[in-house]
Amino acid sequence: MSPTKSASDVADLGLAEAGDARIVWADAQMPVLRSIRERFARERPFEGLRVGVCLHVTTETANLARTLIAGGAEVALCAANPLDTQDDVAAALVERHGAVVHAIHGEDMATYYRHIEAVLDTRPQLTMDDGADLVSTLHASRPDALADVLGGTEETTSGVVRLRALEAAGQLGFPVVAVNDARTKRLFDNRYGTGQSALDGILRATNMLLAGRVVAVFGYGWCGQGIALRAKGAGAHVVVCEVDPVRALEAKLEGYEVLPSVAAAAKGDVLITATGNRDVVRREHYEAMRDDVVLCNAGHFDVECDLAALRELSWERRQVRPHVEQHVLADGRRINLLAEGRVVNLAAAEGNPAAVMDMSFANQALAAEHLVKTAGTLAPQVHGVPAELDEEVARLTLAALGVEIDVLTDGQKAYLTTWEQGT
Ligand SMILES: NC(=O)c1ccc[n+]([C@@H]2O[C@H](COP(=O)([O-])OP(=O)(O)OC[C@H]3O[C@@H](n4cnc5c(N)ncnc54)[C@H](O)[C@@H]3O)[C@@H](O)[C@H]2O)c1
């Protein structure tokens, strides 16, 4: 048995062929990452470097792992959520691409954290996280290993929030690049990617018609904006709930109805949380909901709906379809919870489309290279993706799409840097 096979824990290596076919399909839609992979194969920026990766085990992540491996890295991968692993992809990564993988779809929380520990056992020198579970476990349980790590990257809003809290507490042990905050990440992956794939998850789970329905979106950040936009496009009446007055105003002027969350819960046929916050939907919301409502979450963690309160109110719970658990309340009202309140686009569908993950993971690959190039010089803080890398990803994506744009003339450049010219 090869060393990666014996070191891995996946559901079924026999799924490798099917997984590889899907990885290749996604790769065809990831031209930017592919061009970076070809360059990495020539330049080998990660020669012999141990990279610990905690990302959703999807076809797109597989192509990122291939890119790191092409650059000379030894990759150990675990999942960023117990329901996100595509077992065929995990098998293909081990069998065909030389990664060590610890991830099984539907693993319980003990196994989830055992798999994170297994990745940490490889003593990573570079970390890649989605939600900061790898880095927070490293800080909490292995402070001695922090010195091995030259840097890390973070994929999502909720992970960046946690890492900023770790930095504010003076405890962040190495520099981390907030890939989420790149313009070519959150404007596209969070907005258009999640906008499409969250609805995809709802449709695959329920096969419902959205036209004519009331869709309530909790949180009008990047993800919420995308979900609202696509729900409107599907013919739904969209209601938005916010706590940020500027974003609430944006939603109002975009043409959505803006309501307090209990009123929205009472009105919606479909309720979707995307706030990165906890207990956004709780007892008073469940008590207000209409019969047969669909409830789901597109935020990173499964804390956006208070599930303990829902269980307390439920007289009966039954699995009515894959990914649909129906909670029957005392008065007979039914609340259909999708994907156990976990991130619906990954748990009930396949996550964001490869074409947007191309930009996110191009940022990941370039941020990792940046950390290697600047090793020892960056402070142990949360850093942004350098603007030139962000713009390079946009330029490469435009080129792949066959879109040409103008450049500033010398006169325009001069005009934009003078103060003398006015009225
Ligand atoms: N499903 C996916 O594929 C995917 C992709 C990217 C990000 N995410 C996750 O989605 C979540 C949102 O990410 P984002 O980039 O949109 O973040 P964001 O910070 O841009 O937006 C979050 C919004 O929620 C609002 N909010 C916070 N608490 C609220 C409450 N109690 N009620 C109503 N609104 C509230 C905030 O004011 C903010 O406008 C995060 O957990 C992020 O990690 C998921």
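When a ligand or atom number is given, it counts from 1 through the structure's own listing order. Quantities reported herein were computed from a predicted structural model and do not represent experimental measurements.
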Report task. Report the part of Val343 in contact with ligand 1, treating N, CA, C, O as backbone and CB onward as side chain, heavy atoms under 4.0 Å; options are side chain, backbone, both, neither. Result -> side chain
Report task. Taking atom types as modelled, find out whether Thr59 and Gln86 have a side-chain donor-acceptor pair closer than 3.5 angstrom. Result -> no
Query raised in the report: Under 3.5 Å, is there a donor-acceptor pair linking the side chains of His56 and Asp130?
Result: yes
Donor-acceptor contacts under 3.5 Å from residues 103-110 side chains, at least two apart:
unit_1: His105; atom_1: ND1; unit_2: Leu83; atom_2: O; d: 3.2
unit_1: His105; atom_1: ND1; unit_2: Thr85; atom_2: O; d: 2.9
unit_1: Glu107; atom_1: OE1; unit_2: Ile104; atom_2: N; d: 3.0
unit_1: Glu107; atom_1: OE1; unit_2: His115; atom_2: ND1; d: 2.7
unit_1: Asp108; atom_1: OD1; unit_2: Ala110; atom_2: N; d: 3.4
unit_1: Asp108; atom_1: OD1; unit_2: Thr111; atom_2: N; d: 2.8
unit_1: Asp108; atom_1: OD1; unit_2: Thr111; atom_2: OG1; d: 2.6

Query raised in the report: Is ligand 1 under 4.0 Å from a heavy atom in the side chain of Asn277, in the backbone, in both, or in neither?
Result: side chain
Query - Check: His327/Ser314 side-chain N/O donor and acceptor closer than 3.5 Å - result: yes
Query raised in the report: At under 4.0 Å between heavy atoms, which part of Cys223 makes contact with ligand 1: side chain, backbone, both or neither?
Result: both
Query raised in the report: Heavy atoms only: which of Asp130, Thr275, Val246 is nearest to atom 27 (C) of ligand 1?
Result: Thr275
Query raised in the report: Should the ring pair Phe40 and Phe46 be called parallel, tilted or perpendicular, given that the plane angle runs from 0 to 90° and is split at 30 and 60?
Result: perpendicular
Requested in this report: Output the list of atoms in ligand 1 that are nearer than 4.0 Å to some heavy atom of Asn352, sorted by atom number.
Outcome: 3 (O)
Query - Close-contact set for ligand 1 against Cys241 heavy atoms, below 4.0 Å - result: 33 (C), 34 (N)
Query raised in the report: Just checking, is any N or O donor in the side chain of Arg186 or Thr157 under 3.5 Å from an acceptor N or O on the other one?
Result: no
Query raised in the report: If we ignore angles and hydrogens, is there a donor and acceptor under 3.5 Å between the side chains of Asp133 and Tyr112?
Result: yes
Query raised in the report: Looking only at protein heavy atoms, which one is nearest to atom 9 (C) of ligand 1, and how far off is it?
Result: His300 N, 3.6 Å
Under 3.5 Å, which donor-acceptor pairs link side chains of residues 363-373 to any protein atom two or more places apart or in another chain?
unit_1: Asn363; atom_1: ND2; unit_2: Thr184; atom_2: OG1; d: 2.8
unit_1: Asn363; atom_1: ND2; unit_2: Met359; atom_2: O; d: 3.0
unit_1: Gln364; atom_1: OE1; unit_2: Thr153; atom_2: OG1; d: 2.5
unit_1: Gln364; atom_1: NE2; unit_2: Glu155; atom_2: OE1; d: 2.9
unit_1: Glu369; atom_1: OE1; unit_2: Arg39; atom_2: NH2; d: 2.9
unit_1: Glu369; atom_1: OE2; unit_2: Arg39; atom_2: NH1; d: 2.8

Query raised in the report: Does the side chain of Asn352 come under 3.5 Å of the side chain of Asn345 through a donor N or O and an acceptor N or O?
Result: yes
Report task. Answer yes when Glu325 and Arg318 have at least one side-chain N-carboxylate O distance shorter than 4.0 Å, and no when they do not. Result -> no
Report task. List the closest protein heavy-atom neighbour of atom 40 (C) of ligand 1: residue, atom name, distance to the nearest 0.1 Å. Result -> Ser158 OG, 3.4 Å
**Report entry** Polar contact flag for Ala298 and ligand 1 (N/O pairs, less than 3.5 Å)
**Finding:** yes
Query raised in the report: Just going by heavy-atom distances, which of Asn345, Asp84, Leu346, Asn297 is nearest to atom 2 (C) of ligand 1?
Result: Asn345
Query raised in the report: Is the closest heavy atom of Glu242 to ligand 1 under 4.0 Å?
Result: yes
Query raised in the report: Using a distance-only test with no angle check, is there a side-chain donor-acceptor pair under 3.5 angstrom linking Asp292 and Asn336?
Result: yes
Query - Top protein contact for atom 32 (N) of ligand 1, by heavy-atom distance - result: Val243 CG1, 3.7 Å
Requested in this report: Identify the protein heavy atom lying closest to atom 12 (C) of ligand 1, giving its residue, its atom name and the separation to 0.1 Å.
Outcome: Ala274 O, 3.6 Å
Query raised in the report: Considering only protein heavy atoms, which is closest to atom 21 (O) of ligand 1, and at what distance to one decimal place?
Result: Gly221 CA, 3.1 Å
Report summary line: Per-atom filter on ligand 1: closer than 4.0 angstrom to a heavy atom of Thr156 are 6 (C), 7 (C), 8 (N), 9 (C), 42 (C), 43 (O)
Report summary line: Restricting to heavy atoms, the pick from Glu154, Arg247, Arg342 nearest atom 18 (P) of ligand 1 would be Arg247
Query - Donor + acceptor pair across side chains of Asn297, Thr273 (<3.5 Å) - result: yes
Query raised in the report: Under 4.0 Å from ligand 1, counting heavy atoms only, is it the side chain of Thr194, its backbone, both or neither?
Result: side chain
Query raised in the report: Judging by distance only, is a nitrogen or oxygen of Glu304 under 3.5 angstrom from one on ligand 1?
Result: no
Report summary line: re atom 14 (P) of ligand 1, the protein heavy-atom contact at minimum distance is Thr157 OG1, 3.6 Å
Report summary line: Per-atom filter on ligand 1: closer than 4.0 angstrom to a heavy atom of Gly299 are 9 (C), 10 (O), 11 (C), 41 (O)
